[in-house]
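Only one structure is covered here, and it is reproduced in the block below.
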Amino acid sequence: MTEASDRLRSTDATEDHAPSVSDTGSGRQVAVTTGLVVIPLVITAVALAFRHWYPTGDLAQAVMRLQSFPANPPLVGAAGRIVSDAGVQGNHPGPTFFWAAYPIYLMLGRSAWASEASVAALNVAWVGVGLWLVRRVAGPAMMLSMALAFAVLLGEYGLDAGTQLWNPWMALWPFTVLVLATWAALAGHRTLPLAVAAATWAVQAHAGYAVVAPALVAFAIVGVAAQLGWARRQGSPGLEPSGPTGLGRLEPGRFGVDLAIAAGVGLVMWAPPLVDEFTNEPGNLTILWQHFSSPDEAVLGLREAARITLRLLDPFGQWITGGQFIEGSLIAGLGLLIAWAASIVLVCRRGWWDIARLDAAVGVAVAVSALSISRAFGVVVLYLFRWVLGLTALMIVATLWPVVRELWARYATADDRLRWSWAADPAELAKRVTVGGVVVLVLLAGVNTARMVTADIPYENSWSQMAELIDPIVGDLDPDLRYDVRWEDPLNLGGLGFGTILELEHRGFDVGGPPQFSAAIEPHRVFQPGEADAELWVVTGSRTEAWRATPGVTELVAFDPRSDAQRAETARLKSEVAAELAAVGVDYDPDAPVAMYLFGTAPIPDVTYAKLTRLTELGEETAVFEVPPGTLPAP
């Protein structure tokens, strides 16, 4: 047997059980590495301070919740496509990210930009926590490798998921941290409370995580308990962390303490939704249960869920490029899965249990994600399952890690006969690799910065109209009156109406909306019949003429974002859409919400979908009318 093979066997046998080393400088390493990853996000947040905009739609609803503090702190999450058996709209499970964002929002001046900056700050914190976990479990080299993956993910998430207070985006980084915290717990680190916090954050932000996030927490608990039981049978007092910078031996007593702390963290974070559940009829948790336990539409099923999962695992696909729909290659995703499985064989043969635990966490997350996707229903869009892109990044890292370790053990530390000619000194090679990784990280930061600062703020066709409407509205209103804001909006799902409520409230007016929008605007903004002094109707599309013909109506402002050519394009597209939908048996009403066709149960041709999307981009005339309460438009 050669000296090189003896050295390789020795490395395999001792690498995962090395004693802890000094952690001097680890905090600085984490801070610097995190900074290199998130500097595009920081620069983008600063640049957004000079781009004035008005949140509309879902973003307006989110900022309303920040404005509700401190008098009416939210108890539930954002409104969603969630409906009880009685037809009551529900919300996503909880308000954790609103509570976390509010202090930053308050300190930065309670503006639209402050909401963006608060999201960016929270994302920076989550990225830092994720890299800290990797540094603690696997050391600085793996932290740098994970930072490269994080940088690619950050570029894919872009300005949208990086800075916008939309609930599906607010769960992306916490879920990635959850997987890493599960790995760290399995490796003997005391991260169960962090795992519970990250899981709670993700589930409360978006109900789509309600299966996969608790499953990871349960896996961490069971996995640690099983390892402790195995260690006891081997005569060991506890579980030794597998990385070079462990937090200390995890023993049964400490595990019990961690379980108690984790339970306490969960109880505190779930207190607001529980208060809502026991003080409202029906409570939001009841609405969620009714909605997901008896869906009105057929679920996707396991076969389709497997196809979606594999397409999202494409290593050259949407974790790099993004997109609106699921577009990755099924074959490429299957290739990554096979390569990952092959790497697990190498890991098991070498006894690299630190990598094996990461593989276990990623594997459980992917498997349960597929199960969760199988229970989804309705139109399949990327944002519903975007968390799988983070798993793609982790799976790529987990696949390459044992390959690099094997090559390093064979060649970088081998004798002169086997060593690569350019790897004469292992320490020098490690230095060169580190410098190369930092250079790539800097280059990615430059690319991501250019990509993010030049991106448009989402829903520009909506918020740019708000910029034209709001000042004339404010100039004609009486600050001593109460205004009930209502709307007819076939293009934006009431986006301009929600934006109007938000901006008028921000400027000191007493405004609200009708009871059917309680989930969106929160109960304290609801006006029951007779409570408002006047109504403001924000009307988009052809219905503006009916309102103009109604007696007692005062038109405050009107704005059409289209040119003459674009108005002609709108007319042509509506005619074509009507004919194309009629051909597939769908009646088209130009005054009905476009979303009814885009996200409805009836399948429509792709070309028709594109034309409907184009109609929302073009926009139509919007007018705002002040009317006496109870006024209806002329027929």
Side-chain angles (χ1 to χ4, degrees), residues 130 145-146 148-158 160-161 168-169 171-173 175-176 178-180 182-183 202 206 208-209 211-213 215-216 219 299-348 355-404 444 606:
S145 301
M146 192 65 73
L148 293 170
F150 277 14
V152 175
L153 265 181
L154 185 74
E156 186 275 318
Y157 291 160
D160 195 352
W169 302 159
L172 293 173
W173 285 114
F175 179 74
T176 301
L178 167 60
V179 180
L180 295 174
T182 300
W183 169 42
H206 197 277
Y209 295 84
V211 175
V212 63
L216 281 167
F219 177 64
V299 298
L300 294 176
L302 285 173
R303 177 176 295 183
E304 183 60 23
R307 291 175 57 86
I308 290 171
T309 303
L310 287 174
R311 293 176 71 182
L312 291 173
L313 290 177
D314 180 354
F316 312 106
Q318 290 179 275
W319 84 288
I320 301 171
T321 61
Q324 181 179 359
F325 298 101
I326 296 172
E327 303 165 349
S329 166
L330 189 151
I331 299 301
L334 182 61
L336 174 60
L337 198 64
I338 292 171
W340 174 64
S343 75
I344 293 176
V345 174
L346 174 62
V347 166
C348 293
I355 307 179
R357 292 179 176 110
L358 176 59
D359 287 329
V362 172
V364 168
V366 171
V368 182
S369 291
L371 179 63
S372 179
I373 292 171
S374 75
R375 298 297 301 166
F377 48 88
V379 177
V380 176
V381 287
L382 178 61
Y383 84 81
L384 292 172
F385 319 121
R386 201 172 182 181
W387 77 77
V388 181
L389 300 182
L391 296 179
T392 302
L394 296 180
M395 183 175 284
I396 290 171
V397 172
T399 302
L400 294 176
W401 186 4
V403 174
V404 172
L444 282 172
D606 291 343

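Between V397 and L148 there is no side-chain heavy-atom pair separated by less than 4.5 Å. No side-chain heavy atom of V403 sits less than 4.5 Å from a side-chain heavy atom of T399. With a 4.5 Å cut-off on side-chain heavy atoms, F150 and T176 count as touching. E156 has its side chain out of reach of Q318: every pair of non-hydrogen atoms, C-beta onward, lies at least 4.5 Å apart. Residues M146 and L394 form a side-chain contact, since some pair of their non-hydrogen atoms from C-beta on lies under 4.5 Å apart. Between M395 and V366, the closest side-chain pair of non-hydrogen atoms falls below 4.5 Å. Side-chain contact between V381 and F325 is present, with heavy atoms from C-beta onward closer than 4.5 Å. The side-chain heavy atoms of V368 and L216, taken from C-beta on, include no pair separated by under 4.5 Å.
The two residues A149 and W319 have their closest heavy-atom pair at O-CZ3, 3.7 Å. A398 and L358 make their closest contact through CB-CD2, 3.9 Å (heavy atoms, listed as atom of the first residue, atom of the second, distance). Closest approach of V212 and S369 over heavy atoms only: CG2-OG, 3.6 Å. The minimum heavy-atom distance linking W387 with G208 is given by the pair CH2-O, 3.5 Å. Taking each heavy atom of D359 and I344 in turn, the nearest pair found is OD2-CG1, 3.5 Å. Minimum interatomic distance between L346 and P402 (heavy atoms only, all atoms of both residues): CD2-O, 3.7 Å.
No donor-acceptor distance shorter than 3.5 angstrom exists from the side chain of D314 to the backbone of A332, with no hydrogens or angles considered.
Listed by chain and number, the residues in a ring pair (Phe, Tyr, Trp, His ring centres under 6.0 Å) with Y157 are W173 (sequence neighbours excluded). Residues forming a ring pair (Phe, Tyr, Trp, His ring centres under 6.0 Å) with W169 (at least two apart in sequence, or on another chain): W166. Listed by chain and number, the residues in a ring pair (Phe, Tyr, Trp, His ring centres under 6.0 Å) with F316 amount to none (sequence neighbours excluded).
Residue I326 holds its CD1 atom at 11.0 Å from CZ of R307, rounded to the nearest 0.5 Å. Note: L310 CG to L337 CG = 6.0 Å, rounded to the nearest 0.5 Å.
By the 30° and 60° cut-offs, the orientation of the rings of W183 relative to W401 is perpendicular.
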